[in-house]
Amino acid sequence: MDTSANRSYAGRRAHAAGAMFEQMIAKSCLFYETHGYAAIDKTPEPMKPLKRYDKHPGWFIATFTRSAQPDYKGILQDGTMLMFDAKHTEKDRIQRGAVTEEQEACFERYQKHGANCFLVISLGFERYYRVPWNVFRDMKERFGHKYMAGQELEPYEIKFSGGILRFLDGIELKGE
């Protein structure tokens with residue numbers, strides 16, 4: 001297999017894994033909403049249709065118009081706003097560069113106004129974490145490098161049980 005075929009295969013595999021991780025989060029968001037704990041929505045990707053795709057009605061060819069914002073926005077039952085991004089990797093660490101400048105600016109803006117901002121991270125669909133934005137942002141100063149792995153991620157581990165990724169468990173509500 002040549003390198004372009006390898007990259008193409010790796011890209012399709014990463015896209016499929018990302019889609020699967022987003023389905024897990026969608027199911028978890030529905031769980032939290034059904035139980036009255038939070039209402040969370042997926043942030044639409046900013047794109048512009050270029051032309052119809054003739055072979056499939058309703059399909060089109062599009063381009064992204066700008067960098068994406070964090071993946072999800074919502075609100076807890078106590079009125080606290082949430083903003084988070086989902087990151088999946090097959091590696092044993094998450095790189096600081098996984099967050100774009102646009103996402104970083106968005107996190108900073110919303111956190112400044114009191115939003116609870118974090119990343120939900122999957123390492124190989126085996127371990128899951130909810131990392132506060134300020135910890136992720138400052139990893140170089142905190143850990144001496146631009147990634148988080150193992151012991152650094154451990155305090156932020158969350159459970160995946162009953163088909164639900166428990167990314168809101170442990171967040172204290174106002175007045176509790």
**OP:** Please report the shortest heavy-atom distance between Leu123 and Thr89, naming the atom on each side.
**Re:** CD2-CG2, 3.3 Å
**OP:** Indicate whether the side chain of Glu108 and that of Trp133 have a donor and an acceptor atom separated by less than 3.5 Å.
**Re:** yes
Original post:
Going by distance alone, is a donor N or O of one side chain under 3.5 Å from an acceptor N or O of the other, for Tyr37 and Asp169?
Top reply: no
**OP:** Take Arg137 and Glu104, measure what salt bridge (charged side-chain N to carboxylate O under 4.0 Å, His left out) needs, and give me the verdict at the end.
**Re:** CA-CA 8 Å; Arg137 177 194 63 209; Glu104 183 170 336; over 6 Å; no
Subject >> For Asp85 against Gln69, the heavy-atom pair lying closest together >> reply: OD1-O, 4.2 Å
Original post:
Roughly how far, to the nearest 0.5 Å, is CD1 of Ile94 from NZ of Lys146?
Top reply: 15.0 Å
**OP:** To the nearest 0.5 Å, tell me how far Ile40 CD1 sits from Tyr72 OH.
**Re:** 9.5 Å
**OP:** Look only at the side chain of Lys87 and the backbone of Ala98, and say whether a donor-acceptor pair between them is shorter than 3.5 Å.
**Re:** yes
Original post:
In terms of ring plane angle, is the pair His145 and Tyr147 parallel, tilted or perpendicular, where the classes change at 30° and 60°?
Top reply: parallel
Original post:
For the residue pair Ser161 and Arg166, what are the closest heavy atoms and their distance?
Top reply: OG-CG, 4.1 Å
Original post:
For the ring pair Phe84 and Phe167, is the centre-to-centre distance below 6.0 Å?
Top reply: yes
Original post:
Are Tyr32 and Ile25 grouped together when hydrophobic residues (ILVMFWY) are joined by side-chain heavy atoms under 4.5 angstrom apart?
Top reply: yes
